Amino acid sequence: MSHRSADVVVLGGGSGGYAAAIRSAELGRSVILIEENELGGTCLHQGCIPTKALLHSAEVADSARTASQFGVDVTFDGVDLEKVLSYQNTIVTRLHKGLQGLVDSYGITVVNGRGRLVGPNGVEVDDEVITGGAVVLATGSSPRTLPGIGIGGRVVTSDQALVLPSVPKKAIILGGGVIGVEFASVWASFGASVTIVEAMPRLVPNEDETISKYLERAFRRRKITAKTGVRVTEVTQNEDAVSVTLGSGDILDADVLLVAVGRGPNTASMGYEETGVMLHKGFVVTSDRLRTTVPNVFAVGDIVPGLQLAHRGFQQGIFVAEEIAGLRPDVIDETGIPRVTYSHPEVASVGLTETAAREKFGENVETVTYDLAGNGKSQILKTSGAVKLVVAPTGVVVGVHMVGDRVGELIGEAQLLYNFEVDAAQAAKFVHAHPTQGEALGEALMAVAGKPLHVHG
């Protein structure tokens, strides 16, 4: 059996893994990166990038369909899914080549194969053991299903939904979180009749309650049906249709059922527990410095409990590389990681929800909700929605929650407000360009500071 070694060995080439590899190489460490599929992982190949390409095609379809509202005469002839997928693949291919070139430029050795942890500093790939001064576990996640619901035929996960050859006429989506809501939005824009089934009382249940209500209202206007607070009791399918029985007794029929109930960690059969890495419900247990229960073995990304987001993976990968290099980086505040759902309308948030803030700071928490009806740019775009600020008793902004088309672009300023613990009255002094949607955030800050401008009493 052959051997190779490096200062840092990274198992998994997705967002967390390649960020750890690149930052380690920047810091002068030798790096071996092990990936069984393609660099970029879920985010690049089955997640963020391809789904956002679909969502952009959906936005273009909506623009064409509604063009006459803006005085533009357009004939909408439908969606050619083959061309949509070709557009999607072009983007993924270009980014993949760019990433391969980037990793290569840092002198990182990429080993293609399925790795398995075989000791506190060793990873076995095929018939080779690769040892590292430090090992970073970054094996990511896969779509989950529910007991009794088999994936296959007309029952699909997001992986298969991304490459469906045709738009379903009727679709049922099991799960009203980020993935379910985004696919509901795409398919509705493409002309499908969509029903979302969510066991929790509301859509995007991890978001602030006010934002959920706005999103549900917008989806009703788009004729997307949301059945919340109900569970699925049975799923059956034949050649022509899939049938879903709900706990309420309702029976729904559709061409396709998308199971979007979250993602589970890829940690089974990888030698983690045998080597002493503690798992809990399949996730890797780490300290706040992302160290596992084995010295010099770290974990990043979706296998670590918390938000399953690519940019969290990047942040953790960079953190671990700096930790290994002895730079003692600041511990990551997970609440300060921005969250965006790229549906139509978009949802974007950072920090604490109103409920969480009241639990933490008591009843003296202040909130203000600025409706996009008062925002000129939003009216030009014909989008509705709101910006909600949550302010601690000290006057510091502890939560920003937004809904409306394109509000994801405002999250950069919002995350600075939260992460720098900015006083709302101080932030209200800064003027926003007119007309922009960013003004809505400015108006909310001015309202908190007691000097609202474009706000009706």
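Since the structure is predicted, the reported quantities are computational estimates derived from the model, not experimental observations.
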Undergrad: Can you see whether S378 engages R406 through a side-chain donor-acceptor pair at a distance of less than 3.5 angstrom?
TA: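 No, no side-chain donor-acceptor pair sits under 3.5 Å.
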
Undergrad: Can you find a side-chain donor-acceptor pair between T228 and R202 that sits under 3.5 Å?
TA: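 No, no side-chain donor-acceptor pair sits under 3.5 Å.
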
Undergrad: Side chains of E413 and H432: any donor to acceptor distance under 3.5 Å?
TA: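 Yes.
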
Undergrad: Assess, by modelled atom type and distance only, whether the side chains of N266 and T139 contain a donor and an acceptor separated by less than 3.5 Å.
TA: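 Per modelled atom types, N266 and T139 side chains form no pair under 3.5 Å.
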
Undergrad: Just wondering, more than 12 heavy atoms not from F420 lying within 6.0 Å of its CZ?
TA: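 Atom CZ in F420 is not packed in, count stays at 12 or less.
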
Undergrad: Look up atom CD1 in I303 and atom CD in Q308, then write down how far apart they are to the nearest 0.5 Å.
TA: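 It is 11.0 Å, given to the nearest 0.5 Å.
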
Undergrad: Does R291 come within less than 4.0 Å of E323, counting only side-chain N to carboxylate O?
TA: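 Salt bridge between R291 and E323, a charged N being under 4.0 Å from a carboxylate O: yes.
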
Undergrad: Salt bridge or not between D250 and K227? Use side-chain N to carboxylate O under 4.0 Å.
TA: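 Yes, charged N to carboxylate O under 4.0 Å.
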
Undergrad: Do T353 and V390 come close enough that some side-chain heavy atom pair is under 4.5 Å?
TA: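 No; the side chains remain at least 4.5 Å from each other.
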
Undergrad: Return yes if a side-chain donor-acceptor contact under 3.5 Å exists between Y418 and D333, otherwise no.
TA: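 Yes, D333 and Y418 have a side-chain donor paired with an acceptor closer than 3.5 Å.
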
Undergrad: Over 60° means perpendicular and under 30° means parallel, so tell me whether H56 and Y87 are parallel, tilted or perpendicular.
TA: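 The rings of H56 and Y87 sit tilted, inter-plane angle from 30° to 60°.
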
Undergrad: Indicate whether any N or O donor in one side chain lies under 3.5 Å from an N or O acceptor in the other, for S185 and Y342.
TA: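 Per modelled atom types, S185 and Y342 side chains form no pair under 3.5 Å.
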
Undergrad: Would you say the side-chain atoms of H45 and N37 include a donor-acceptor pair closer than 3.5 Å?
TA: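 Short answer, no.
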
Undergrad: Determine whether the side chains of Y214 and D208 contain a donor N or O and an acceptor N or O closer than 3.5 Å.
TA: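 Distance-only check fails for Y214 and D208.
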
Undergrad: Rounded to the nearest 0.5 Å, how far does CD of E198 lie from CD of E216?
TA: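 Spacing of CD (E216) from CD (E198) equals 9.5 Å.
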
Undergrad: Answer yes or no: does atom CG of N238 have more than 12 heavy-atom neighbours from other residues, nucleotides or ligands under 6.0 Å?
TA: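 Counting other residues, nucleotides and ligands, CG of N238 exceeds 12 neighbours.
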
Undergrad: Under 4.0 Å between a Lys/Arg side-chain N and an Asp/Glu carboxylate O for D253 and K170?
TA: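 Salt bridge absent between D253 and K170.
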
Undergrad: How long is the straight-line distance from CG of N375 back to CG of L381, given to the nearest 0.5 Å?
TA: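 Rounded to the nearest 0.5 Å, the CG-CG separation comes out at 8.5 Å.
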
Undergrad: Within a radius of less than 6.0 Å around CD of E409, do more than 12 heavy atoms belonging to other residues, nucleotides or ligands occur?
TA: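 Check fails, neighbour count at 12 or below.
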
Undergrad: Taking 4.0 angstrom as the limit, do E439 and K377 come out as a salt bridge?
TA: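 No.
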
Undergrad: Between K52 and E182, does any NZ, NE, NH1 or NH2 come within less than 4.0 Å of an OD or OE carboxylate oxygen?
TA: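 Yes, charged N to carboxylate O under 4.0 Å.
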
